[in-house]
Amino acid sequence: MSTAVLTERDGAVAILTLNRPDKLNALNAELFSALDEALVLLSKDATVACAILTGAGDKAFAAGADIAAMLEMSVEEARAFSETGHRVCSRIEHAPFPVIGAVNGFALGGGCEIALACDFLYASDRAKLGQPEVNLGVMPGFGGTQRLVRRVGIGRARELCYTGDAITASEALRIGLVNAVVPHTELLPKVREVAGKIAQKGRLAVAQCKRVLYTGADVPLDVANALETQSFSVLFGSRDRAEGMKAFLEKRPAIFTGT
Ligand code: COA
């Protein structure tokens, strides 16, 4: 069994750790396969309400696709590698629970792209983020060009991709790439706290929010609004909806069951 990705549980919160610290968690086929497998398992597990994705060690979330592994790649192999990265990023986006990225250090190249597939990011004050692929004569291949535009806008995305510059956590905060910057040692406790808060909500409601926020972002507004109406109404068939509203009226905390 691969140890390239570690999975830990804290109640309804799952913590996934990219685990190649000696190579700054550089993304190779084994790591992608382990991450894919972990996401498939968690996505089938109705007891998971939120996940955290982070990197092992003190230095990196992930310092990019594995450059040594890419050195001898043919055009066909590069296509397959890119498709693998896209599949895993899409798996994060389609997971039926939010995935919060805890960016604990370098998130460069493919590392930044995996972070961008997360619902939102908190960063250590030591983090550095960027798309340095042009320094190697290549470009982002796991969705970075597209997700960066959607997160920070076309101008910033162009600048990051064309210059290859790595930006500090505070600059990433300023441009909206990360939601918050936290002192390094407080990052995981803080992200666990946020994940724990989300995990206490109606799970199906959070899942529908995620679905509509993602799907709605890339379709015309009237289509997106129709998706929202559909998800909103579907939730009225859930126990959690009845419980949430009853609990409010009875002035007591809701007891959600995710059903
Ligand atoms: N692919 C493969 N190995 C990588 C890697 C990557 N993307 N990033 C880091 N590593 C490896 C290094 O080769 C080194 O391995 P070694 O100890 O066997 O020599 C180890 O991880 C530690 O990295 P090192 O460069 O010594 O750490 P540093 O603190 O001096 O520098 C970085 C950190 C992130 C600035 C530097 O590692 C770097 O520039 N990495 C590549 C970033 C990149 O271009 N990513 C996009 C890839 S498309």
Side-chain angles (χ1 to χ4, degrees), residues 2-6 16-36 53-90 92 101-118 121-149 151-152 156-173 175 177-178 181 183-185 187:
S2 169
T3 55
V5 172
L6 306 176
L16 292 171
T17 304
L18 308 173
N19 188 36
R20 277 186 90 199
D22 55 322
K23 296 290 179 190
L24 305 188
N25 305 317
L27 308 162
N28 60 8
E30 186 196 349
L31 195 147
F32 269 135
S33 157
L35 183 55
D36 197 40
L53 182 61
T54 194
D58 226 20
K59 279 180 74 173
F61 176 81
D66 189 319
I67 299 168
M70 289 191 295
L71 182 64
E72 303 291 346
M73 262 182 200
S74 66
V75 169
E76 291 73 26
E77 286 164 340
R79 172 183 285 274
F81 192 48
S82 171
E83 286 170 353
T84 298
H86 275 282
R87 188 176 64 246
V88 174
C89 288
S90 167
I92 295 170
V103 181
N104 57 311
F106 292 110
L108 300 174
C112 190
E113 295 177 281
I114 287 198
L116 283 165
C118 294
L121 305 174
Y122 274 37
S124 146
D125 54 3
R126 294 189 204 161
K128 290 260 176 70
L129 301 95
Q131 299 292 163
E133 290 89 346
V134 288
N135 294 326
L136 303 168
V138 286
M139 63 175 285
F142 308 145
T145 55
Q146 303 311 306
R147 290 193 181 91
L148 205 49
V149 170
R151 188 126 340 168
V152 300
R156 304 271 184 216
R158 284 180 173 146
E159 191 173 348
L160 284 166
C161 289
Y162 300 166
T163 64
D165 283 347
I167 57 172
T168 60
S170 59
E171 177 65 0
L173 177 65
I175 67 173
L177 178 50
V178 303
V181 179
H184 188 70
T185 53
L187 178 66

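Keep in mind it's a predicted model, so treat the numbers as computed, not measured. Ligands are counted one by one from 1 in listed order, and the atoms in each one are counted from 1 as well.
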Could you tell me whether [atom] has at least one protein heavy atom nearer than 4.0 Å?
atom	result
atom 16 (P) of ligand 1	yes
atom 6 (C) of ligand 1	yes
atom 31 (O) of ligand 1	no
atom 23 (O) of ligand 1	yes
atom 48 (S) of ligand 1	yes
atom 27 (O) of ligand 1	yes
atom 37 (O) of ligand 1	yes
atom 34 (C) of ligand 1	yes

To the nearest 0.5 Å, tell me how far [X] [atom1] sits from [Y] [atom2].
X	Y	atom1	atom2	result
Asp165	Leu129	CG	CG	12.5 Å
Phe81	Met73	CZ	CE	4.5 Å
Leu148	Leu177	CG	CG	6.5 Å

Item checked: Test side chain to side chain contact (heavy atoms under 4.5 Å, CB included) applied to Ile114 and Leu35, step by step -> CA-CA 11 Å; Ile114 287 198; Leu35 183 55; 4.0 Å; yes
Note to self: One residue to check: Glu133. Relative to ligand 1, which of side chain, backbone, both or neither has a non-hydrogen atom less than 4.0 Å away?
What the structure shows: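 Answer for Glu133: side chain.
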Checklist line | Asp22, portion touching ligand 1 at heavy-atom distance under 4.0 Å | finding: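 Backbone only.
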Are [X] and ligand 1 in contact, using a heavy-atom cut-off of under 4.0 Å?
X	result
Asn135	no
Met70	yes
Lys128	no

Next item on the list: Starting from atom 19 (O) of ligand 1, find the nearest protein heavy-atom neighbour and note its residue, name and distance.
Entry: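 Heavy-atom neighbour on the protein nearest atom 19 (O) of ligand 1: Lys23 NZ, 4.6 Å.
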Notebook entry, point to check: Is there a nitrogen or oxygen of Leu136 sitting under 3.5 Å from a nitrogen or oxygen of ligand 1?
Noted result: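 Checking ligand 1 against Leu136, no N or O pair falls under 3.5 Å apart.
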Sidechain-backbone polar pair: [X] side chain, [Y] backbone, donor-acceptor under 3.5 Å:
X	Y	value
Ser124	Leu187	no
Ser2	Ala4	yes
Glu133	Gly164	no

Next item on the list: With sequence neighbours left out, write down each residue that passes salt bridge (charged side-chain N to carboxylate O under 4.0 Å, His left out) with Asp36, or none if nothing qualifies.
Entry: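 Here the qualifying residues are Arg87, Arg91.
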Item checked: Proximity winner for atom 43 (C) of ligand 1, if only heavy atoms of Ala166, Ala63, Ala26 are counted ->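 Among Ala166, Ala63, Ala26, the closest heavy atom to atom 43 (C) of ligand 1 comes from Ala63.
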Notebook entry, point to check: Which ligand 1 atoms, with their elements, are less than 4.0 angstrom from a heavy-atom of Leu108?
Noted result: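 That gives atoms 34 (C), 42 (C) of ligand 1.
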Checklist line | Verdict with reasoning, Leu16 to Thr54, per side chain to side chain contact (heavy atoms under 4.5 Å, CB included) | finding: CA-CA 6 Å; Leu16 292 171; Thr54 194; over 6 Å; no
Next item on the list: Test side chain to side chain contact (heavy atoms under 4.5 Å, CB included) on Val149 and Arg158 and set out the steps.
Entry: CA-CA 8 Å; Val149 170; Arg158 284 180 173 146; over 6 Å; no
